[in-house]
Amino acid sequence: MREIARTAGTPTFVYSSATLGGHFDRLKEAFAPLDPLLCYSVKSCANLSVLRTLAARGAGMDVVSIGELQRAVEAGVPASHCVYAGVGKRDDEIIAALEAGIGLLNIESEAEFENVSRLAGQLRISVRCALRINPDVDPKTHRYTSTGKKETKFGVDLERARRFFQKYGQDAFAKLEGLHLHIGSPIYTVEPYVEALTKTCALIDELAMDGVTIRSIDLGGGFGADYESDQSPSAMDYADAILPIVLPLKQRGVQFFLEPGRSIAANAGVLLLSVLYTKQSGEKRFAICDAGMNALLRPSHYGSFHFVWPVQPSNGLVPPTRSSTLAMPGLLAQDIVGPLCESGDFLALDRSLPPLSRGDLLAVFTAGAYGMSMASRYNSSPLPAEVLVTGGRVALIRERETVEDLMEHERHVTVLL
Ligand SMILES: *Cc1c(COP(=O)(O)O)cnc(C)c1O
């Protein structure tokens, strides 16, 4: 990390190819009886080199915009191995996805289906579609990332699903033939999946009575990652709960998709920062770093926990666990904050850490997913650099932005009206 900071500077996201690949392989192995197309969720960490690492292992991609589809294709994944979800697909995005030969369009509403049907008919391009159903289960996660309850904007509730197939099941070009679920993230127990899939199987039986055959099921993503302690089920734990419910469908020829993002990318990345200043205000100690919510939004947006530790602790202490309050001697309670003009600009609050001083390097753990992909340029902060470690090879996979880059799109002023 010290050598990476010396050569690439900070703030920098550092990813491990081995960890990315290891998580992918474990999911593939755990779900092997379903032989699913494992579509990595591009939005969790979208760097082209990360996508290529997973593409080389046979990953498909889960995309939620045409920009993400372009990235997937650029990384060598054919559009036919991509699934496309999202409540607000624009006409130009739908047309581009149809023309590229998208593998599966996940439909979120009646209005969207009618639009897809119209565009596919005009272009005379057939496309496989799956209806995103909202099974009304509580994934017991942050309300911002809970997506399978009735009051969220995603999918169609089960009562409407049957009518949906009756009304739209015979479309000439938009071939409605699958079901899609993605109920939230991160989901730390298997029960919400069990509940959602049990309801899905009941729906499939009802649809069969209507003469509708479901050919594919996209199980979504949402598997947990290890942020704090080993609280997350393993790939095998999720599979052990899910497989018994859906294997009978596999035997009837149903094709399966999975859309994991966080469980692959989260702990494959750390955010490397430098301490700019330390400061004490009353009893409160702050370490002010060269990035905060601009690089990693999760703590201030979701109240998420990320373990933070110095690259070279001043007192040599190595933490026994990642729990937030370590009862070790020689530690001081400190807030790890960023440089932005917001009190919400923090990465970690009230953490027991070795004494920090100016120039220390800090590693923010489990920052690979929804880190860089949610980073902003607030306060004219150039986006961090990204580095990928593959065995002994350390490669800069995204150059650090410059302020020149930020101003580039503002230099030329065009009078419109
Ligand atoms: C974000 C998202 C995923 C990935 O979720 P993770 O928690 O990162 O696994 C999968 N499918 C859809 C439709 C999503 O929006």
Side-chain angles (χ1 to χ4, degrees), residues 8 11-17 19-21 23-24 27 37-79 81-86 88-90 93 96-97 100 102-103 106 145 182 185-186 220-223 225 257-272 291 293-298 301-302 304 364 366-378 381-390 395-401 405:
T12 294
F13 282 95
V14 184
Y15 310 114
S16 156
S17 287
T19 309
L20 288 166
H23 284 307
F24 181 84
L27 280 165
L37 181 60
L38 268 178
C39 295
Y40 168 69
S41 174
V42 172
K43 76 175 187 292
S44 64
C45 182
N47 185 290
L48 288 174
S49 298
V50 169
L51 301 187
R52 283 191 199 108
T53 302
L54 294 165
R57 294 177 124 86
M61 298 283 155
D62 159 49
V63 305
V64 293
S65 70
I66 209 67
E68 289 189 352
L69 179 62
Q70 268 174 270
R71 278 182 179 274
V73 170
E74 173 85 22
V77 180
H81 286 194
C82 295
V83 298
Y84 184 2
K89 302 181 191 79
R90 298 186 309 264
E93 292 184 299
I102 191 83
N106 289 330
T145 53
H182 173 67
S185 174
F223 300 150
F257 298 86
L258 274 175
E259 304 171 335
R262 184 192 311 275
S263 53
I264 291 175
N267 78 346
V270 299
L271 172 60
L272 191 55
M293 65 187 269
N294 56 312
L296 184 64
L297 185 61
R298 300 187 70 255
H301 189 52
Y302 305 124
S304 309
V364 182
T366 327
Y370 306 103
M372 186 63 167
S373 59
M374 293 180 96
S376 80
R377 300 176 173 90
Y378 187 41
S381 316
L383 289 179
E386 292 179 288
V387 163
L388 182 64
V389 179
T390 310
L396 183 67
I397 57 169
R398 190 182 207 279
E399 284 173 35
R400 181 177 308 290
E401 275 189 348
D405 294 332

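All figures in this text were calculated on a predicted structure; none of them were measured in a lab.
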* Euclidean distance, Tyr302 OH relative to Leu297 CG, rounded to 0.5 Å -> 7.0 Å
* Among all residues two or more places apart in sequence or in another chain, which pass the side-chain contact (heavy atoms from CB on, under 4.5 Å) test with Ala291? -> Pro11, Leu273, Asn294, Ala295
* Structure fact -> Correct closest heavy-atom pair for Phe257 and Cys39 would be CD2-SG, 4.2 Å
* Asked: Considering residues at least two apart in sequence or located in another chain, which fulfil the side-chain hydrogen bond (donor to acceptor under 3.5 Å, both in side chains) criterion with Tyr378?
  -> Glu342
* Walk me through it: do Glu93 and Tyr84 pass the test side chain to side chain contact (heavy atoms under 4.5 Å, CB included)? => CA-CA 10 Å; Glu93 292 184 299; Tyr84 184 2; 3.3 Å; yes
* Starting from the C-alpha separation in whole Å, work towards a yes-or-no answer on side chain to side chain donor-acceptor pair (under 3.5 Å) for Arg262 and Ser44. => CA-CA 6 Å; Arg262 184 192 311 275; Ser44 64; over 6 Å; no
All N/O donor-acceptor pairs, side-chain side in residues 63-79, below 3.5 Å, sequence neighbours left out:
from: Ser65; atom 1: OG; to: Gly67; atom 2: N; distance (Å): 3.4
from: Ser65; atom 1: OG; to: Glu68; atom 2: N; distance (Å): 3.2
from: Glu68; atom 1: OE1; to: Val64; atom 2: N; distance (Å): 2.9
from: Glu68; atom 1: OE2; to: Lys43; atom 2: N; distance (Å): 3.4
from: Arg71; atom 1: NH1; to: Ala46; atom 2: O; distance (Å): 3.0

* Taking all non-hydrogen atoms of both residues into account, name the closest pair between Arg57 and Phe24 and its distance. => O-CE2, 3.4 Å
* Should Leu27 and Leu38 count as side-chain neighbours, where that means a heavy-atom distance under 4.5 Å? -> yes
* Go through the steps for Met372 and Tyr15 under the test side chain to side chain contact (heavy atoms under 4.5 Å, CB included), then give the verdict. => CA-CA 11 Å; Met372 186 63 167; Tyr15 310 114; 3.6 Å; yes
* Structure fact -> Taken to the nearest 0.5 Å, the spacing of Glu386 CD from Leu48 CG works out to 9.5 Å
* Residue pair Thr53 / Ser17, side-chain heavy-atom distance below 4.5 Å -> yes
* Atom CG in Leu388, atom CD1 in Ile397: separation rounded to 0.5 Å? -> 4.5 Å
* Structure fact -> Between the OG atom in Ser376 and the CG atom in Leu383, the distance rounded to the nearest 0.5 Å is 7.5 Å
* Structure fact -> Heavy-atom nearest pair, Leu296 first then Val364, reads CD2-CG1, 3.7 Å
* Asked: With side chains defined as the heavy atoms from C-beta onward, is the minimum distance between His301 and Met293 less than 4.5 Å?
  -> no
* Taking all heavy atoms of Glu259 and all of Asn106, pick out the closest pair and write down the distance. => OE2-ND2, 3.5 Å
* **Distance, nearest 0.5 Å, that separates CG of Asn47 from SG of Cys45** => 6.5 Å
* Structure fact -> Between the OG atom in Ser41 and the CZ atom in Phe223, the distance rounded to the nearest 0.5 Å is 12.5 Å
* Structure fact -> Residues His23 and Ile264: closest non-hydrogen pair is CD2-O, 3.4 Å
* Structure fact -> Closest heavy-atom pair, Val387 versus Ala8, reported as atoms and distance to 0.1 Å, is CG2-CB, 4.1 Å
